[in-house]
Each structure stands twice: as C-alpha cells, then as structure tokens.
A.B. asks: 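Below is one structure. I have some questions about it.
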Amino acid sequence: MQMCIRRLTCLAFLVGVIMVASASEIKIIKCCVEVSDQSITAPIIGYRIQRKNLPCVRAVIFKTAEREICSHWKQDWVFEKIKELEQLRRAQKTTPATTTTSSLSTTIS
C-alpha cells in the first residue's frame, strides 16, 4: 500500500514537471521583434522601454490611441519624445491635487 502511494506521488510529480516544461515551450511572445526609425505622427499617450531578450529586440514602445509602435531607441526624435513625456509626467505629479489637471493622454506630437 505504501509503495503504491509513493508511485502515485512520483507519477504526479513527473506529470507536473512535464506540464510546466511543455507550457514554457508554447509561451506566446508579445514584443517588438523589429523597430521603425520613422517618426510617429499620431498623438503619443505613453511609452515603455523593452530590453533585448531574443527574439525581442531593444526598443522604445510608444503608445498611441490606436496602437503601440516599436521605435528604434537610438533615434534622436525618440530621445526627445521621452524627455517631453517625462517632463509632462513630472509636471502633473507636482501639480496640487485640488486643481484640475489633464492626464498624460494629452496630445503630444
């Protein structure tokens, strides 16, 4: 009886390991695998930075109302846009809570 319980425990452990291993192989990757060097004409409402982790490439991902755009991190306009967005964010942070402020989703172009 005790041997049967041990076998079932080992079998359950092996099934769990196999499921975890196979799930990691099926992982869907949502990231930038290529970037654009074109400037963005749509209003930008936010950004995030993606690090290189193959197949993902190093990129700045700008968020617009319609979609996210993968931009090359070395472009001058990308650096300037990030500075602009950060200045807006800081200005909103220091604004007193009693006044009405617009969110970061204000139009920036």
Side-chain angles (χ1 to χ4, degrees):
M1 181 69 166
Q2 204 173 29
M3 186 64 112
C4 183
I5 292 173
R6 283 186 182 168
R7 284 185 181 168
L8 284 174
T9 303
C10 286
L11 181 62
F13 177 74
L14 286 174
V15 168
V17 168
I18 290 170
M19 287 177 66
V20 168
S22 64
S24 65
E25 292 174 15
I26 303 172
K27 186 169 94 172
I28 297 173
I29 299 170
K30 285 187 142 186
C31 66
C32 299
V33 294
E34 58 185 33
V35 293
S36 170
D37 59 357
Q38 300 292 316
S39 61
I40 300 170
T41 57
I44 296 172
I45 57 177
Y47 79 99
R48 61 188 167 94
I49 297 174
Q50 172 181 284
R51 294 178 185 216
K52 181 179 177 182
N53 186 13
L54 295 176
C56 308
V57 296
R58 187 172 179 185
V60 175
I61 304 170
F62 287 108
K63 184 177 181 182
T64 68
E66 298 87 36
R67 61 191 177 117
E68 290 186 334
I69 302 166
C70 303
S71 299
H72 197 287
W73 61 277
K74 280 190 173 180
Q75 295 290 314
D76 289 337
W77 73 266
V78 171
F79 180 72
E80 292 301 319
K81 189 59 72 176
I82 290 172
K83 275 184 16 183
E84 191 178 319
L85 290 167
E86 285 301 313
Q87 286 173 349
L88 264 176
R89 187 181 63 81
R90 277 190 225 109
Q92 289 175 348
K93 229 180 197 182
T94 58
T95 306
T98 56
T99 62
T100 307
T101 61
S102 60
S103 67
L104 185 57
S105 63
T106 56
T107 303
I108 303 170
S109 53

A.B. asks: For residues Ile40 and Ser71, report the shortest heavy-atom separation together with the two atoms involved.
C.D. replies: CD1-OG, 3.8 Å

A.B. asks: Drop me the distance from Lys83's NZ to Gln87's CD, to the nearest 0.5 angstrom.
C.D. replies: 7.0 Å

A.B. asks: How close do Gln50 and Cys31 get, counting heavy atoms only, and between which atoms?
C.D. replies: OE1-CB, 3.1 Å

A.B. asks: Is there a side-chain contact between Gln38 and Trp77, using heavy atoms and a 4.5 Å cut-off?
C.D. replies: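 No; the side chains remain at least 4.5 Å from each other.
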
A.B. asks: Quick one: do Ile49 and Trp73 end up in the same hydrophobic cluster if we chain Ile, Leu, Val, Met, Phe, Trp and Tyr together by side-chain heavy atoms under 4.5 Å apart?
C.D. replies: yes

A.B. asks: Do Glu80 and Glu84 come close enough that some side-chain heavy atom pair is under 4.5 Å?
C.D. replies: no

A.B. asks: What is the minimum heavy-atom distance between Lys81 and Ile44, and which atoms define it?
C.D. replies: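 For Lys81 and Ile44, the tightest heavy-atom pair comes out as CG-CD1, 3.7 Å.
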
A.B. asks: Do the side chains of Ile82 and Phe62 get nearer than 4.5 Å, heavy atoms only?
C.D. replies: yes

A.B. asks: Could you measure the distance from the CD1 atom of Ile45 to the CD atom of Glu68? Nearest 0.5 Å is fine.
C.D. replies: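 It comes to 9.0 Å.
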
A.B. asks: Answer yes or no for Cys56 and Cys32: SG-SG distance under 2.5 Å.
C.D. replies: no

A.B. asks: Using links of under 4.5 Å between side-chain heavy atoms of ILVMFWY residues, direct or through other members, which residues join Val35 in one cluster?
C.D. replies: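 Listed partners: Val57.
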
A.B. asks: Treat each ILVMFWY residue as a node, draw an edge where side-chain heavy atoms are under 4.5 Å apart, and state whether Tyr47 and Val78 are in one component.
C.D. replies: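 Linked, Tyr47 and Val78 end up in one cluster.
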
